[in-house]
Amino acid sequence: MTTASAFHFESLVWDWPIAVYLFLIGISAGLVVLAVLMRQYVPNSATSTSTIMRTTLVLAPTTIILGLLILIFHLTRPWTFWKLMFHYSPTSVMSMGVMLFQVYMAVLVVWLAKIYEQELIGLQQKWLPKLTILPRVLGWLSRVMRGLDIAMLVLAVLLGAYTGFLLSALKSYPFLNNPILPALFLFSGISSGLAVSLLAIALRYRQNIHNPETAFLHRVESFVVWLEIFLLAAFFVGLALGDDGKLRSLVAALGGGFWTWWFWLGVVGIGFIIPLALKKWQQKGSQAFRVFVVSGASLIGVFFLRFFVLYAGQLTVA
């Protein structure tokens, strides 16, 4: 398969904008998962001034909005997207996803508003002094904040896994119709959230990147990366032990050609080998450059993984 035909073939239904959409959704879910976990395990560092919380404030809603815009404009009739927001079908993965997005965004706005309560009240008193209901509502949320944290974590996990469910629901593609895919996409999304958070810390502190936030991220990172590798291996083992259609899809994806090189060089080489090989080198130094190299490679690897699964998964039809 040539590079020119690798992105255009007969069985292709979902192309590169969907891969970008899946990547952006994973970042949002990953950032929120990390932010909630930090609030539970390192509460003294999880203030409104922390880098992780600020990154979540900016990127968690932004990546969701950008991802949905990409999805809307990718529709055959994008001007009818509003119908999906009000007409739900329990048998449609896409419809259930729209409902999940709506609930996720609503809870995310409330959750972030409570975390940035003082800043929000300051803006309210400056620009809308008569809107006194806002401080009262935010004050009431203090009583349910733990429940709100749990709800936000559950929704972020569901959103991260949903990107995998969306593809695994394509039963005509044996490569994609794999129960491991939701878990793989969830943890690769958390991996992208880790990379983005570390890059944000490096940009903010430059020459002194070691702090409690960095230590927390590195503790989570080791578990997530190795679990991601295990899930990826389990994904391929499931294909190898599956029926004829799954075996054919595995051979088409990894038996040689463009997407085979994409996987080994991009996903494995850049996404796993470089970060693991340079991990100690990164942690020994305090320069931002080391974080840019390692975390940047990890983020690129997640991006390549989304493209690989989407395109290689559509090479073979049952």
Side-chain angles (χ1 to χ4, degrees), residues 17-40 46 48 52-75 78 81-117 120 137-138 141 144-169 181-197 200 220 224 302 306:
I18 301 300
V20 177
Y21 155 78
L22 296 172
F23 176 69
L24 292 173
I25 299 304
I27 289 177
S28 180
L31 283 172
V32 171
V33 167
L34 292 171
V36 174
L37 290 178
M38 191 173 75
R39 281 176 53 80
Q40 298 303 312
S48 61
I52 294 177
M53 298 309 302
R54 288 184 174 183
T55 305
T56 303
L57 172 68
V58 175
L59 291 185
T62 302
T63 50
I64 282 286
I65 293 170
L66 288 176
L68 289 178
L69 286 175
I70 289 172
L71 189 62
I72 288 169
F73 286 110
H74 192 263
L75 294 173
F81 80 94
W82 61 271
K83 294 182 180 180
L84 293 172
M85 303 181 69
F86 300 100
H87 299 85
Y88 306 113
S89 172
T91 59
S92 169
V93 177
M94 181 70 76
S95 180
M96 291 296 96
V98 171
M99 184 185 298
L100 175 60
F101 281 124
Q102 291 174 321
V103 176
Y104 175 85
M105 280 298 292
V107 177
L108 179 63
V109 169
V110 174
W111 182 70
L112 288 172
K114 179 57 184 176
I115 292 172
Y116 286 87
E117 178 179 7
L120 196 57
V137 171
L138 292 175
L141 286 175
V144 296
M145 195 57 193
R146 181 167 178 77
L148 197 58
D149 279 336
I150 295 173
M152 197 69 257
L153 179 62
V154 171
L155 288 169
V157 168
L158 289 175
L159 183 64
Y162 165 74
T163 56
F165 280 117
L166 186 64
L167 296 184
S168 64
L181 198 55
L184 176 61
F185 270 29
L186 168 62
F187 283 96
S188 68
I190 295 175
S191 183
S192 66
L194 281 163
V196 169
S197 297
V220 177
V224 170
V302 174
R306 294 296 200 266

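Arg39 places none of its side-chain heavy atoms less than 4.5 Å from the side chain of Arg146. Looking at heavy atoms from C-beta onward, Tyr21 lies in side-chain contact with Leu166 at the 4.5 angstrom threshold. Side chains of Met53 and Tyr116 form a contact here, defined as non-hydrogen atoms less than 4.5 Å apart. The closest side-chain heavy-atom distance from Pro61 to Leu108 is below 4.5 Å. Using a 4.5 Å cut-off on side-chain heavy atoms (C-beta onward), Ile64 and Leu159 make contact.
Rounding to the nearest 0.5 angstrom, the gap separating the CZ atom in Phe101 from the CD1 atom in Ile65 is 12.0 Å. Leu112 CG to Leu120 CG: the interatomic distance, rounded to the nearest 0.5 Å, is 10.5 Å. Rounded to the nearest 0.5 angstrom, Leu69 CG and Leu24 CG are separated by 10.5 Å. With rounding to the nearest 0.5 angstrom, the CG atom of Leu37 is 6.0 Å from the CG atom of Leu153. Of the inter-residue distances, the one linking Ser197 atom OG with Ile190 atom CD1 reads 11.5 Å to the nearest 0.5 angstrom. Of the inter-residue distances, the one linking Ile115 atom CD1 with Asp149 atom CG reads 6.5 Å to the nearest 0.5 angstrom.
Residues Ala29 and Ala156 approach most closely at CB-O, 3.4 Å, considering heavy atoms. Considering every non-hydrogen atom in both Thr63 and Leu59, the closest pair reads OG1-O, 2.6 Å. Residue Met38 comes nearest to Ala46 through the heavy atom pair CE-CA, 3.6 Å, listed as atom of the first residue, atom of the second, then distance. Minimum interatomic distance between Val32 and Ala60 (heavy atoms only, all atoms of both residues): CG2-CB, 3.9 Å. For the residue pair Ile70 and Pro17, the shortest heavy atom distance occurs at CG2-O, 3.3 Å. Counting all heavy atoms, side chain and backbone alike, Leu194 lies closest to Leu34 at N-CD1, 3.4 Å.
Thr56 contributes a side-chain N or O that, together with a main-chain N or O of Ile52, makes up a donor-acceptor pair within less than 3.5 Å. Without hydrogens or angle criteria, Ser28 side chain to Ile25 main chain gives no donor-acceptor distance under 3.5 Å.
Remark: Arg54 pairs with no residue by the side chain to side chain donor-acceptor pair (under 3.5 Å) rule, at least two apart or across chains. Under the ring pair (Phe, Tyr, Trp, His ring centres under 6.0 Å) criterion, Phe23 pairs with Phe303, not counting sequence neighbours.
Residue Phe165 qualifies as open at atom CZ: its count of foreign heavy atoms under 6.0 Å is 12 or below.
Remark: Arg306 is positioned above the aromatic ring of Phe185, its terminal NZ or CZ atom under 6.0 angstrom from the ring centre and at most 45 degrees off the axis.
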